[in-house]
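Notes for the one structure printed next.
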Amino acid sequence: MGPTVRKRFPRNSRLLRHADFERVYKQGKRHFAAHMTVFYLEREAPQNFRVGFTVSGALGGAVVRNRMRRRLREAVRLLGRNNEIAVDVVINPKKSLLTAEFTEIQQEVKKAFELIERKYGNARGRSEIESQ
RNA sequence: CAGCUGGGCCGGAUGGCCGCUCUUAUCCGUCGAGGAUAGGGGAGGAAAGUCCGAACUCCGCAGAGCAGUGUGCCGGAUAACGUCCGGGAGGGUGGAUUCAAGUCCGCUCGACGGAAAGUGCCACAGAAAAUAUACCGCCUUGGCGGCAAUGCCGGGGUAAGGGUGAAAAGGUGCGGUAAGAGCGCACCGCCGCGGCAGUAAUGCAGCGGGCAGGGCAAACCCCACACGGAGCAAGACCAAAUAGGAAGGAAGACGCGGCUUCGGCUGCGGAACGUGCCGGCUCGGUGCGUCAAACCUUCGGGUAGGUCGCUAGAGGCGAGCAGCAAUGCGCGUCCCAGAGGAAUGGCCGUCCUGCGGGAGCAAUUCCGCAGACAAAAUUCGGCUUACAGGCCCGGCUGCUAA
């Protein structure tokens, strides 16, 4: 691939099953940020980095919740993920995420992902994704 | 033109880059999953609230009754409705008219069957609230006081007036009377009777009756009619792993001994056989078994998961015909979201509309901000609620012009 990498977010990079969410909530660790809370849990193979979102009904109506989820998903998509490490991540937005600047959200997600990579990943994996 | 108001309609437009989802074609890959390229589709008028009605699915179902729930003027529309359309009666309001009650016309409102089947309630106020009632007043009369005006105590008549109330026992006018009263008369209302008009609700005029029956049924209730229950997480199919269930398959020659009801049972030794594990295979090692456990095969239920249900429909659009209308009929034409921790997005540009500010006599132009409410979740028909801004038609009021 060339220097303009296509940043995608396909189905197998997403968390889709109720059991997966439950496991991350019950056994995972937590990272807090201004606009979100990030839950994460290391997993056995297959090797990929999966992300899911939970937006509870208390945060607003369907329109508001959709907008939060879509902004978060876009931030995760544009940031890219290190598929060398096997980990499940669940992001819970807070109410302030609705009005926050998009670049601010991207910064917070990036910080959280770097933390997870330092913990579970190896340096080679990260450099690979940056050299793409 | 401005304000208020009734009804209908629209609900920003367009493009770039990067994504998501469904789908068609081709190609790659294939045990299974998947991937690439190109083309096409991808939120609403309320998708919402889940308040009604249906389609569809499963369960239940001899028949009848009770209970319960809902509906409630009449006719029509419809698959159906608590919806819609038309009509009737009633309430409110404005105008005209009448001595007045009332009548007529316009606009408007809504759970509009029954209060002479029964029960219950009617606060406060008021003398009295349903077997009517005498507080003030009005009329009359007895006694006492006083020259008198009239005062005090008592009897009787009276529902016209006052006052209270949501409501005071037909209303208005005239007559009548001691004062009054349907006591009498006229009109209006009411009740009964038959007549005429209308599919009907109901209306109209007539005759008879002085008039009996306060309100609340969104209090219980009575009457008439309708109604089985649960819902697409309905339901149908495929079906791993694990545990459990059912059926079937397969392997001891021989030696020595014990017991015996002479069929067998059993202990020890033991080449052999079956089978699990280690192992690429043989050999080998090792475990278990060989009167049925392990093991193998098959079957049924069934969980995770998957597929279907899942979008061609009481469908949209167009003109026509029938009907006052709701709506119906045939014709032409189009195919228009189908996700499932849940796609329909993110960022940026141009234009449009509105608001604010600046420049200009003005047309105009520059800058900034804003563009609502609310997102499919099986599908339709309604109802209700939310909503920036704009468009169209009508009514009333004011101003200006003719």
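We name chains A, B, ... by the order of the sequence lines, and we start the count at 1 in each one.
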Pairwise P distance for B:G70 and B:G341, with rounding to whole Å | 39 Å
Is B:G263 in the syn range, within 90° of 0, or in the anti range?
-> syn
Strand partner of B:U71, provided both Watson-Crick or wobble distances fall under 3.5 Å = B:A224
Pick one for B:U311: is it syn, with its angle within 90° of 0, or anti?
-> syn
Closest heavy-atom pair and its distance - A:Leu41, A:Gln27 = CD1-O, 3.7 Å
So which nucleotide does B:G173 pair with, by the Watson-Crick or G-U wobble rule with both distances under 3.5 Å?
-> B:C185
Between A:Asn92 and A:Tyr25, do the side chains contain an N or O donor and an N or O acceptor separated by less than 3.5 Å?
-> yes
Can you pull every protein N or O that's under 3.5 Å from an N or O on nucleotides 27-33 of chain B?
none

Taking the inter-plane angle between the rings of A:Phe113 and A:Phe49 on a 0 to 90° scale, is it parallel (under 30°), tilted (30 to 60°) or perpendicular (over 60°)?
-> tilted
So, do A:Arg30 and A:Val38 sit near enough that their side-chain heavy atoms are less than 4.5 Å apart?
-> no
Since syn is defined as within 90° of 0, does B:C336 count as syn or as anti?
-> syn
Mate of B:C4 where both pairing distances stay under 3.5 Å, Watson-Crick or G-U = B:G395
Just name whichever nucleotide pairs with B:A101, Watson-Crick or G-U, keeping both distances under 3.5 Å, else none.
-> none
Do A:Phe102 and A:Glu74 come within less than 4.5 Å of each other through their side chains, counting heavy atoms only?
-> yes
For B:C324 versus B:U78, give the span between their P atoms, rounded off to a whole number of Å.
-> 16 Å
Using the P atom as the reference point in each nucleotide, state the distance between B:G173 and B:G72 in Å, no decimals.
-> 43 Å
Rounded C1' spacing from B:U133 to B:G120 in Å = 23 Å
Take atom CD in A:Glu22; do more than 12 heavy atoms of anything else shown fall under 6.0 Å from it?
-> yes
Considering just the side-chain nitrogens and oxygens of A:Arg11, establish if one lies under 4.0 Å of OP1 or OP2 belonging to B:A339.
-> no
Whole-Å P distance, B:A64 and B:A55 = 22 Å
Using purine N1 to pyrimidine N3 plus N6-O4 or O6-N4 for Watson-Crick, or N1-O2 and O6-N3 for G-U wobble, each under 3.5 Å, what pairs with B:G252?
-> none
Taking a pair to mean Watson-Crick or G-U wobble geometry with both distances below 3.5 Å, B:C291 pairs with none
Same-atom distance (C1') from B:C112 to B:G118, integer angstrom = 25 Å
Taking the side chain as every heavy atom from C-beta outward, state whether A:Val51 and A:Arg73 have any pair of such atoms under 4.5 Å apart.
-> no
Could you run down nucleotides 341-347 of chain B 5' to 3' and tag each one B, S or - for protein heavy-atom contact under 4.0 Å?
-> BSSBBBS
Using a 4.5 Å cut-off on heavy atoms from C-beta on, say whether the side chain of A:Val89 contacts that of A:Arg50.
-> no
Base-pairing assignment for B:A13 (Watson-Crick or G-U wobble, both under 3.5 Å) = B:U350
Return the nucleotide paired to B:G320: Watson-Crick means purine N1 to pyrimidine N3 with N6-O4 or O6-N4, wobble means G-U with N1-O2 and O6-N3, both under 3.5 Å.
-> B:C329
Mind telling me whether B:G45 is syn or anti, cutoff 90° either side of 0?
-> syn
Taking A:Lys94 for its side chain and A:Leu59 for its backbone only, find out whether a donor-acceptor pair lies under 3.5 Å.
-> no
Short question: side chain of A:Arg14, backbone of A:Gly52 - any donor-acceptor pair under 3.5 Å?
-> no
Is the glycosidic angle of B:A363 within 90° of 0, making it syn, or outside that range, making it anti?
-> anti
If the C1' atom of B:G41 is compared with that of B:C380, how far apart are they to the nearest Å?
-> 23 Å
Using a 4.5 Å cut-off on heavy atoms from C-beta on, say whether the side chain of A:Leu79 contacts that of A:Gln106.
-> no
Rounded to whole angstrom, note down the C1' distance from B:C335 over to B:U23.
-> 14 Å
